[in-house]
There are 2 protein chains.
Amino acid sequence: MSDEVKRGLEGVVVAESELSHIDGDVGKLVYRGYTIEDLARGASYEEVLYLLWHGELPTRDELESFTEAMTEERAINDGVMATVRELAESDSNPMSALRTAVSMLATYDPDDAETDPEDREANLRKGRRITAKIPTILAAFARIRDGSDPVEPQTDLGHAANFLYMLNDEEPDDVTADVFDQALVLHADHGLNASTFSAMVTSSTLSDLHSAVTSAIGTLAGPLHGGANANVMRMLREIDDSDQDPVGWIDNALDEGRRVAGFGHRVYNVKDPRAKILGERSEDLGEAAGDTKWYEMSVAIEEYMQEQKGLAPNVDFYSATTYYQMGIPIDIFTPIFALSRVGGWVAHVLEQYEDNRLIRPRAKYVGNENMEFVPIDER
Amino acid sequence: MSDEVKRGLEGVVVAESELSHIDGDVGKLVYRGYTIEDLARGASYEEVLYLLWHGELPTRDELESFTEAMTEERAINDGVMATVRELAESDSNPMSALRTAVSMLATYDPDDAETDPEDREANLRKGRRITAKIPTILAAFARIRDGSDPVEPQTDLGHAANFLYMLNDEEPDDVTADVFDQALVLHADHGLNASTFSAMVTSSTLSDLHSAVTSAIGTLAGPLHGGANANVMRMLREIDDSDQDPVGWIDNALDEGRRVAGFGHRVYNVKDPRAKILGERSEDLGEAAGDTKWYEMSVAIEEYMQEQKGLAPNVDFYSATTYYQMGIPIDIFTPIFALSRVGGWVAHVLEQYEDNRLIRPRAKYVGNENMEFVPIDER
């Protein structure tokens, strides 16, 4: 046993996985061997879920029964809705609210916490239910805190379009629905990112899938992970409000030692392939709305950061303006990341259960030794 | 970068820590250099919390102000209580309920989810609040599901005694209170066990303390971790109900390839020092009640397992009968583990924030390569 401290587990390989592969040197991402470009162009989020969970892309018939099974699980019960309402009215942080509501789903799941964790069919049912209910929780939360009533899910809309419908009480136009679906495809899995890894650590004790997904949501919330997309948009708005030239603003920020959100990634040494695709879609949305201001600002910053720091944008950099141009509130961006990534979390937990080993590393003890205990009255 | 797969991260050192150290070859456990035997004998759970969070054992004055600050945080608000009630009335798994309620606390914490995670004082306040409120949540949950009303916390009882009081609406006798306090001391920290590690993974994205503790509760729930103490008691009851000789029952179980709960530990090669102490206390409780049946059954099984399998009992093996003899419901044993271990979780998250590095390992990709995408209508 080596005593070398592997800080952040950087470069440590903890498991084998058939789910996704990142080649950070060439900017390539695949899910089960399919490139992210092909999937973003040709597959819906539901097809990608099926691919991740079942190992191959579905036929039309397989997709239909899969989608039907998911769609009928969209509603949340009164108990969960009451808690969502309480959280929304208490102005909860949206990620705290989502984490709490998803945790609460466990209690009402027909396959409960005591189901054998190695029962793959039960876990697939749980995974479908959690994935189907997250948009409903999130849309209800966002509407209630704005003083509106929640909107019931619609059964004849896809996963992406139905979320936007429940959020706005209005069906999205085709371009918006398509771009949002594509964004979900792009965020569905990404190797052993921190939230996925936390789901694996949780499930490695043979704890249940709801526990694992709850851990993952809490982990995603941090600004070094899912929280980054909201921080990108806050930064872009700050730049816009400042009336400064974006490049000048970034230059000042760098001088002041501020972190520029949306750049750099532990795994990519070149531009994140997801950022490429979302950048194009962000431009499409701007053009459709007749205002490409945010897109242009992003491109200017991207070029400057590349030139000055040699850093390429990551997926958060372009998902920010994509969601913002859809009218989604900034603090809902990170929950939307969860809404998509839950597909990967479930897939990795299924893999973990299939060949489980308790994940329990060690720390190097650097504390006091041989302390003599003194009773409190003699201290 | 090596491609060797470190399954379960066994033997991998992921961080430095000053908190606790386990010498598995001699069966030694220390918290900040003090042996677990000294602490169990001479320090209360509150003193141990202070030691873990502040680095040294408190003086009488320090302990008093610390205890006062914790005590005044015991109550939970109406929103959390309503959700606890709903979960109890829906017969939630107790760990699912605790995970949900602790997650929900974030929304009402005066230091909210957006507090700078590196603000140590804010995190200490949050840690005190979470730790103070867990017994209240748990006792309310256990009483409501039994059709009783929750009992308000009492300010003049210690952490351990107050929990038993709220659970039973009756102050515990001195021996019971003392043994329960000792059990909390013994479970407060234990290196980078899976739940603690999950809290670290979550906080490594600079997510908030409530997210980290929520992850840890979900991780603890699994039968390979905190869930084991309940499984030990279920096994002992099954043996008792079978009217078989315990050794004969175990022998059959081993022949059938069943796992005997409460034996073996990744870190100990000899008897867990906590099991030694709790074994004695389990005997004390049996003697006080005039029935040492459970203790004797445990000893017989311990001797046989040692002889047949060379496996020594872990902490769960004796915490089971300890809690059972106090009249605590079996499915509350694992939540009690959380009630204690939260002290360690908070301490490790504080350490993590002080010198943070995103915890993001890698997987070895063993899936399909270069798959040709076929549109759905051509599949």
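Just so it is clear, the values below take in all heavy atoms, side chains as well, and ignore hydrogens, waters and symmetry mates. Residue numbering restarts at 1 for every chain, and letters A, B, ... go by the order of the sequence lines.
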So, Ser198(B) and Ser198(A): side-chain donor and acceptor under 3.5 Å apart, yes or no?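 Ser198(A) and Ser198(B) do not have a side-chain donor-acceptor pair below 3.5 Å.
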
Answer with side chain, backbone, both or neither: which region of [X] has an atom nearer than 4.5 Å to a non-hydrogen atom of chain B?
X	answer
Ile22(A)	side chain
Pro223(A)	both
Pro58(A)	both
Ala43(A)	both

Would you find a donor on one side and an acceptor on the other, under 3.5 Å apart, between the side chain of Arg99(B) and the backbone of Ser103(A)?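 Checked: pair present.
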
Hey, is the main chain of Gly218(B) close enough, under 3.5 Å, to the side chain of Ser207(A) for a donor-acceptor pair?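 Side chain of Ser207(A) to backbone of Gly218(B), a donor-acceptor pair under 3.5 Å: yes, one is there.
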
If you count heavy-atom pairs under 4.5 Å with chain B, which of Leu192(A), Leu224(A), Leu358(A) comes out on top?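 The option with the most such pairs is Leu192(A).
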
What class does the angle between the rings of Tyr34(B) and Phe373(A) fall in, given that below 30° is parallel, 30 to 60° is tilted and above 60° is perpendicular?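 Ring orientation, 0 to 90° scale: perpendicular.
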
Assign the ring pair Phe197(B) / Phe197(A) to parallel, tilted or perpendicular, where the plane angle (0 to 90°) is split at 30° and 60°.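 Perpendicular: the ring planes of Phe197(B) and Phe197(A) meet at over 60°.
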
Residue, of Asn368(B), Val30(B), Leu57(B), that accumulates the most heavy atom pairs under 4.5 Å with chain A: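 The candidate making the most pairs under 4.5 Å is Leu57(B).
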
Among Arg32(B), Glu369(B), His225(B), who wins on heavy-atom pairs under 4.5 Å with chain A?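 If we count pairs closer than 4.5 Å to chain A, Arg32(B) comes out on top.
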
Quick one: are [X] and [Y] in side-chain contact, heavy atoms under 4.5 Å?
X	Y	result
Val366(B)	Glu16(A)	yes
Leu63(A)	Ile376(B)	yes
Val14(A)	Arg7(B)	no

Identify which part of Asp355(B) has an atom lying under 4.5 Å from any heavy atom of chain A, answering side chain, backbone, both or neither.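 Looking at Asp355(B), backbone and side chain both touch chain A.
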
Check each atom of Ser20(B) against the heavy atoms of chain A and say whether the ones under 4.5 Å are side chain, backbone, both or neither.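 Contact with chain A: backbone only.
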
For the pair Arg379(A) and Glu47(B), find out whether any cationic side-chain nitrogen is under 4.0 Å from an anionic carboxylate oxygen.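 Salt bridge present between Arg379(A) and Glu47(B).
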
Testing the basics here: between Ser90(B) and Thr107(A), what is the closest heavy-atom pair and its distance to 0.1 Å?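 Scanning both residues completely, I find the closest heavy atoms to be CB-CG2, 3.8 Å.
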
